[in-house]
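The structure appears below as structure tokens.
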Amino acid sequence: MAATNVLPPLATSRSLTASPQHQSRNGDASTRVPGRARRGPKRSESPFTQKGIFSFPTNVDPSSYHNTALHNLCTDLLEKGFHTSFIEIFTLVEKQRLQHEQAGPAAILLGPLIEYEPSTLDELKSQLTRAEMAKRFGNLEAVYTCQRNLAQCFTDSKNVWLSAHFYERCLETALGVKGDSKKKEGEAHCSLGESWEKRDELEKACHHFEVFHQLAKKYKWHSEEGDSLHAVACEHLRRIYTSIAEQLYAEDEIEQAISYLKKAREASKEGGDSHEEGLACYRLGNALQSIEDYDGAIEYHRSYLERCRYYGDLSGMGSAYQSLSRAHERYVTAGRGRPHMH
């Protein structure tokens, strides 16, 4: 009886021949263990080298990732030929650095350094390059507009000093503008006055408001809405004169304070603002009373009372009567009899 073949059937030639994708790294298909899962693609088929995966742009300068925003901005300005813009931005950065160094620990009150504010640097670059290009073509009005845009941009920011700087630049440019009856020059003086006033630099603000007033009075400008800029200038003067007077009064410089209050009254009178003129009279009356000039105090308080009656200002009338009563009382106490009643 023939012996039973207990061995498994021999594999066919097809099962022993490995396909190209199943060959081992050495190319020997016979060494591959049947049924073992594929470990991964060949070296040449690595997913890290496949198109579209982990690919990097070739047109980007790697230095732009490790240089500061200021460095990249300055490099870009110089490469594109905007040397004036580069100088101005670099000068502003250095100026602020010096201010912070001199301030020491108090530098935190001066606002952030602009060199670390990309949005601020971008705005400076945008407007200054436009201004530089406009100046090359002799368009000073466009230069003025760009500088004014920057000044207005920083008016309410932590870097308000930039606003004052660019209003100064506006004034420099406006002096060269022809054919506008010096309106841009007057506007620049007005803006500078407001800028210095916000920073409590009252004397500097007063100077610019006075120049604006002189120009507005001479050229009789009007706003786009038709308002008289002369009246606007008078209101600026009244306000700044009053602020200076209050500061002097607090420092016991009463005589000088009275001088500025009189200027404030004249400015409101010139501007045609009877209500503000009355308030100036009220302040003058109180100031004169403090130095025992009761005759003058009574005169100004009466003037204020008349305006309050005209406008129906009951609260103002109450203040006027109270001040008049006090002035009359002290007049009598000083032994001068009774003041003359008009």
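One is the number of the first residue; the rest follow in order along the sequence.
With respect to Glu94 and Arg97, a salt bridge is recorded, a charged nitrogen being found less than 4.0 Å from a carboxylate O. Arg309 has no carboxylate O lying under 4.0 Å from a charged side-chain N of Glu306, or vice versa, which leaves the two without a salt bridge.
Pairing each heavy atom of Ala216 with each of Ala233, the nearest pair is CB-CB, 4.2 Å. Closest heavy-atom contact between Tyr304 and Ser319: CE2-CB, 4.5 Å. Ala287 and Ile254 make their closest contact through O-CG2, 4.3 Å (heavy atoms, listed as atom of the first residue, atom of the second, distance). Nearest heavy-atom pair, Asn159 versus Leu110, reported as atom, atom and distance to 0.1 Å: OD1-O, 4.5 Å. Across Ile114 and Leu121, no two heavy atoms sit closer than the pair O-CG, 3.5 Å. Closest non-hydrogen pair, Ala142 versus Ala134, comes out as CB-CB, 3.7 Å.
Other residues, nucleotides and ligands place no more than 12 heavy atoms under 6.0 Å from the CZ atom of Phe90. Other residues, nucleotides and ligands contribute over 12 non-hydrogen atoms within 6.0 Å of the NZ atom of Lys183. Residue-environment remark: NZ (Lys125) exceeds the threshold of 12 foreign heavy atoms within 6.0 Å. Within 6.0 Å of the NZ atom in Lys263, the count of heavy atoms belonging to other residues, nucleotides or ligands exceeds 12. In this structure, Leu98 places its CG atom where more than 12 heavy-atom neighbours from other residues, nucleotides or ligands lie under 6.0 Å away.
No side-chain heavy atom of Cys190 sits less than 4.5 Å from a side-chain heavy atom of His208. The side-chain heavy atoms of Glu185 and Val177, taken from C-beta on, include no pair separated by under 4.5 Å. Taking 4.5 Å as the limit, some side-chain heavy atom of Trp221 sits within range of a side-chain heavy atom of Leu215. Under the 4.5 Å side-chain criterion, counting only non-hydrogen atoms from C-beta, Thr75 is not in contact with Asn67. Using a 4.5 Å heavy-atom cutoff, the side chains of Met317 and Leu314 are in contact. With contacts defined as side-chain heavy-atom distances shorter than 4.5 Å, the pair Ser323/Asn286 qualifies. The shortest distance between side-chain heavy atoms of Leu92 and Trp161 falls below 4.5 Å. Taking 4.5 Å as the limit, every side-chain heavy atom of Glu172 sits out of range of all side-chain heavy atoms of Gln147.
In this structure, Ile89 is a member of the same hydrophobic cluster as Phe82, with clusters built from ILVMFWY side-chain heavy atoms closer than 4.5 Å. Tracing side-chain contacts under 4.5 Å through hydrophobic residues (I, L, V, M, F, W, Y), one never reaches Leu237 starting from Phe212; they form parts of separate clusters. In the hydrophobic clustering of this structure, Leu77 groups with Leu150; members are Ile, Leu, Val, Met, Phe, Trp, Tyr whose side-chain heavy atoms approach within less than 4.5 Å, directly or through other members. Residue Leu305 is not grouped with residue Tyr311 when hydrophobic side chains (ILVMFWY) are merged at heavy-atom distances under 4.5 angstrom, including chains of intermediate members. A continuous path of ILVMFWY side-chain contacts below 4.5 Å connects Ile87 to Leu70, so both sit in one hydrophobic cluster.
Between His213 and His230, the angle of the ring planes lies from 30° to 60°, which puts this pair in the tilted group. Ring geometry for His236 against Phe209 counts as parallel: the plane angle stays under 30°, on a 0 to 90° scale with 60° as the upper cut. Between Phe166 and Phe154, the ring planes are parallel. Angles under 30° get that label, and only those over 60° would be called perpendicular.
Between Cys170 atom SG and Leu175 atom CG the span is 11.0 Å, to the nearest 0.5 Å. Within the model, atoms CD1 of Ile108 and NE2 of His100 stand 10.0 Å from one another, a figure rounded to the nearest 0.5 Å. Atom CG of Leu162 sits about 11.0 Å away from atom CD of Glu123, to the nearest 0.5 Å. To the nearest 0.5 angstrom, Thr145 atom OG1 is 10.5 Å from Leu140 atom CG. Of the inter-residue distances, the one linking Asp293 atom CG with Asp295 atom CG reads 6.5 Å to the nearest 0.5 angstrom. We find the CZ-SG distance between Arg130 and Cys146 to be 6.5 Å, quoted to the nearest 0.5 Å.
Under the 3.5 Å distance criterion, the side-chain polar atoms of Gln96 are matched with a main-chain donor or acceptor of Pro112. Side chain of Ser228 to main chain of His222: no donor-acceptor pair is present (N/O by atom type, distance under 3.5 Å, no hydrogens or angles). In this structure, Ser303 contributes its side chain and Glu299 its backbone to no donor-acceptor pair below 3.5 Å.
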Should Glu210 and Cys206 be marked as a side chain to side chain contact (heavy atoms under 4.5 Å, CB included) after you check the CA-CA gap, both sets of side-chain angles, and the distance that decides it?
CA-CA 6 Å; Glu210 286 176 340; Cys206 184; 3.6 Å; yes
Pair Tyr300-Lys262, side chain to side chain contact (heavy atoms under 4.5 Å, CB included): steps then yes or no
CA-CA 11 Å; Tyr300 281 114; Lys262 288 180 178 179; 4.3 Å; yes
For the pair Asp313 and His275, evaluate side chain to side chain contact (heavy atoms under 4.5 Å, CB included) and give the outcome as yes or no after the intermediate values.
CA-CA 10 Å; Asp313 183 357; His275 177 69; 4.2 Å; yes
Using the rule given for side chain to side chain contact (heavy atoms under 4.5 Å, CB included), can you reason through Glu88 versus His165, listing the C-alpha separation, both sets of side-chain angles and the distance that settles it, and then say yes or no?
CA-CA 11 Å; Glu88 182 147 17; His165 169 81; 3.0 Å; yes
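With respect to Tyr144, the side-chain hydrogen bond (donor to acceptor under 3.5 Å, both in side chains) criterion is satisfied by exactly one of Lys184, Arg169, Glu187: Glu187. Screening Arg238, Arg307, Lys269, Arg265 for a side-chain hydrogen bond (donor to acceptor under 3.5 Å, both in side chains) with Glu276, the sole residue that qualifies is Arg238.
Remark: the Glu329 side chain and the Tyr294 side chain contain no N/O donor-acceptor pair separated by less than 3.5 Å. Checking His83 against Glu132 by side-chain atom types alone, no donor-acceptor pair falls below 3.5 Å.
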Anything under 3.5 Å between a donor and an acceptor, one on a side chain of residues 195-203, the other on a protein residue two or more places apart or in another chain? List them.
residue	atom	partner	partner atom	Å
Glu197	OE1	Arg239	NE	3.4
Glu197	OE1	Arg239	NH2	2.9
Glu197	OE2	Arg239	NE	2.9

